[in-house]
Amino acid sequence: MSANALSQHYAEQVRQIQDGLPPELPEWLAGRRRGAAQRFAAAGFPDPRQEEWKYTNVRPIATKPFATAEAVVAVSPETIAGLAFEGLDAYRMVFVDGRFRPELSDLEGLPEGVVVRSLSDMLGGEADRLEPLLGTLSHDRFSSFAAANMAFMSDGAVIMLGKGVRVERPLHLLLVGSAGSPAAWHHPRVLVQAAEESEVTIVEHYADLDGASGFTNTVTELRAEAGAQVRHYLVQDHADSAYHIGSVFVQQRRDSRVTSHNVNLGGRLVRHDLNIDLTEPGAEIELNGLFLVGGRQHVDTHTRVHHSSPNTTSREQYRGIGQGHGRGVFKGRVLVERGAQKTDAQQHSANLLLSPNAEIDTKPELEIYADDVKCAHGATVGQLDETSLYYLRSRGIGTEAARGMLVFAFADEVLERMELAPVRTSIERRLAARLPQAGVMEVFT
Amino acid sequence: MLKINDLHARVENGTPILKGIDLEVKPGEVHAIMGPNGSGKSTLCQVLGGRDGYEVTSGTAEYLGEDLFALEPEERARAGLLLGFQYPVEIPGVKNIYLLKEAYNAQRKHRGEPEADTFQFLKLVREKLQMMQMDESFLHRAVNAGFSGGEKKRNEILQMLVLEPKLALLDETDSGLDIDALKIVSDGVNKLRSADRAIVLVTHYQRLLSYIEPDFVHVLSDGRIIKSGDKTLAEELERSGYLGIIEEAA
Ligand SMILES: Nc1ncnc2c1ncn2[C@@H]1O[C@H](COP(=O)(O)OP(=O)(O)OP(=O)(O)O)[C@@H](O)[C@H]1O
Ligand SMILES: [Mg+2]
């Protein structure tokens, strides 16, 4: 029996799924959702005794009675504009409390050969097109939250690119939580299908209206077919009182290239699992990550890169900054299978502790069964470099400003890999505002 | 301008390195400090710069009438004392231009002047870059990161030209420079020379001193200045090495 077995409240919600799914739901989907509900009920919430959840106790979630969001909250276009990245020219899908809001979205002018629609919309008329996509990459081996998402799935985004289709403007998915009462949990799902030689940039962006303290439990399934190029931004900028669990599943075929930028700024309790499958030769992934934890925030990221085919490449760089009583975790697993010769896997995790009460745990995990591979990893947790600090001060720069410059520089080395300048600039500003030396850092932004 | 009196210093809780230094530098003067490896030249510079990890056990240093050791490193810099490092520090992620601008404005603020706007500042920096024959791309690279040895030294002088210190302490700024770069760096330093500024050069080579003529040359050995003279002392050292002078002083 799990220490985090479902409370009555959640057991009741599971029962409603098992008995009360709408009859018009296609058989395959009803089956998958009931199955997931059953698995979630059996597993309960993840338990810190499980290796994968050793550093993150989700009791604060398990013991809160998050409700299902029912009411449609009024949100003005100005509010949305305020949350969006300034200057980002993008197609935009807005979700509030997990539900698509067409009146706040803008998908005008999408090129031929691209489908961008809400999940609920697709399920209304063309559900069967989703059968091969929905829930076929995701699984709940590492996290029962992924099963909960499947069971309680509310809405989401479906993005399908035809062969050779390039979408020039990025696609901004803005998922906003409201301060609705009682606090609710939402289960959005993002499905991306990038056919051969297609190309797209997707910005999956979580933010909150003032005072939000809900729980977002999200799943992303991304398939990159041969030669496809996908840039995936995952920006978590929730209110500090909000909860967020996200599971990302990526499957890549021959010569596909995926870039992932995962930035975590907000949230009270946050966990991400990124599962990458490099299934054919030439597949390449770049994983860039940055998290900042302060106050009583807890942010945990697990990445698992699975090299199951020869000649696959992964480049991973995660950085964490801890201040206040912040708690950060990064665990990066790289699995190279026996047949995956010529794998090139590099992983680096660097972490900065700015306060004696902050804590960051980082753990690389390499499992290599092939012999002709190039694999490297490194992990550090440290303080600001005293020599650099002295050098800056010896030029007349005040101690606080010098510290600010160094912290910012540390973070910016990850952010500078972003191709979308407005996203980067906006994150830099948000980051600067969260650092104690914020006042001295206008110079950068 | 700078008056050092019987200065003793050691590595924190370690062995003594400076064992009674006396040195007076007046406005307009150029002093050269020479001496064998490990004699304490860089330690003297770092103690004057205010680096952590060194402990002044006795003696005083007065800078512009103030107790130098009572000032934080940044206060010393803002008061016009600037240290050119023997080993300039690489700072990944901090662009050269940010360092220059922050440092420049910190100094202006200290003097009660308004901060320079970006346009004015860039104009000034470009001028100085040209003097150092450095490409503008250096401004947008991280401070000293991946710079060649010579480029780092040029970058130190670039900072000097922008910040215009009253007292420049240059620790082996000439080491590792090719012949052309040595000329460029020397020209840069000479531009700083004026009746109200002073320069202290730490060097191993007479060659630098033929470009930047010193008023005084001091020999530092085992933590003490064992001999001082004019520029002919450097020539003598070049001919006969330190051994004779060290024995003579013993
Ligand atoms: N932080 C330190 N810890 C231990 N020893 C130190 C430290 N700093 C300096 N020393 C020692 O003090 C002595 C003087 O060093 P310093 O760097 O001042 O010499 P220097 O005259 O500048 O030599 P060089 O000509 O090689 O640059 C050396 O023996 C050095 O090893
Ligand atoms: Mg030295």
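Chain naming here is simple, since letters A, B, ... match the order of the sequence lines and numbering starts at 1 in each. Just so it is clear, the structure is predicted and the values come from calculations on it, not from any experiment.
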[Y] side chain reached by [X] side chain, heavy atoms, under 4.5 Å:
| X | Y | result |
| --- | --- | --- |
| A/R395 | B/L99 | yes |
| A/Y391 | B/N144 | yes |
| A/S394 | B/F85 | yes |

Contact winner vs chain A - [options], heavy-atom pairs under 4.5 Å:
| options | answer |
| --- | --- |
| B/V89, B/L82, B/L163, B/V143 | B/V89 |
| B/G93, B/A142, B/P165 | B/G93 |
| B/A106, B/G53, B/G49 | B/G49 |

So what's closer than 4.5 Å to chain A heavy atoms on [X]: side chain, backbone, both or neither?
| X | value |
| --- | --- |
| B/Q46 | both |
| B/L83 | both |
| B/E90 | backbone |
| B/Q159 | side chain |

Audit row: B/D52, A/Y390, side-chain contact (heavy atoms from CB on, under 4.5 Å) steps and yes/no: CA-CA 8 Å; B/D52 270 349; A/Y390 168 62; over 6 Å; no
To the nearest 0.5 Å, tell me how far [X] [atom1] sits from [Y] [atom2].
| X | Y | atom1 | atom2 | value |
| --- | --- | --- | --- | --- |
| B/E74 | A/L389 | CD | CG | 8.5 Å |
| B/K101 | A/I397 | NZ | CD1 | 12.0 Å |
| B/R76 | A/R393 | CZ | CZ | 9.5 Å |

[X] atom [atom1], neighbour heavy-atom count above 12 within 6.0 Å:
| X | atom1 | value |
| --- | --- | --- |
| A/R430 | CZ | no |
| A/E86 | CD | no |
| B/E12 | CD | yes |

Which heavy-atom pair separates A/A409 from B/P92 by the least distance, and what is that distance? CB-O, 3.8 Å
Between B/R51 and A/E386, is there a side-chain N and carboxylate O pair less than 4.0 Å apart? no
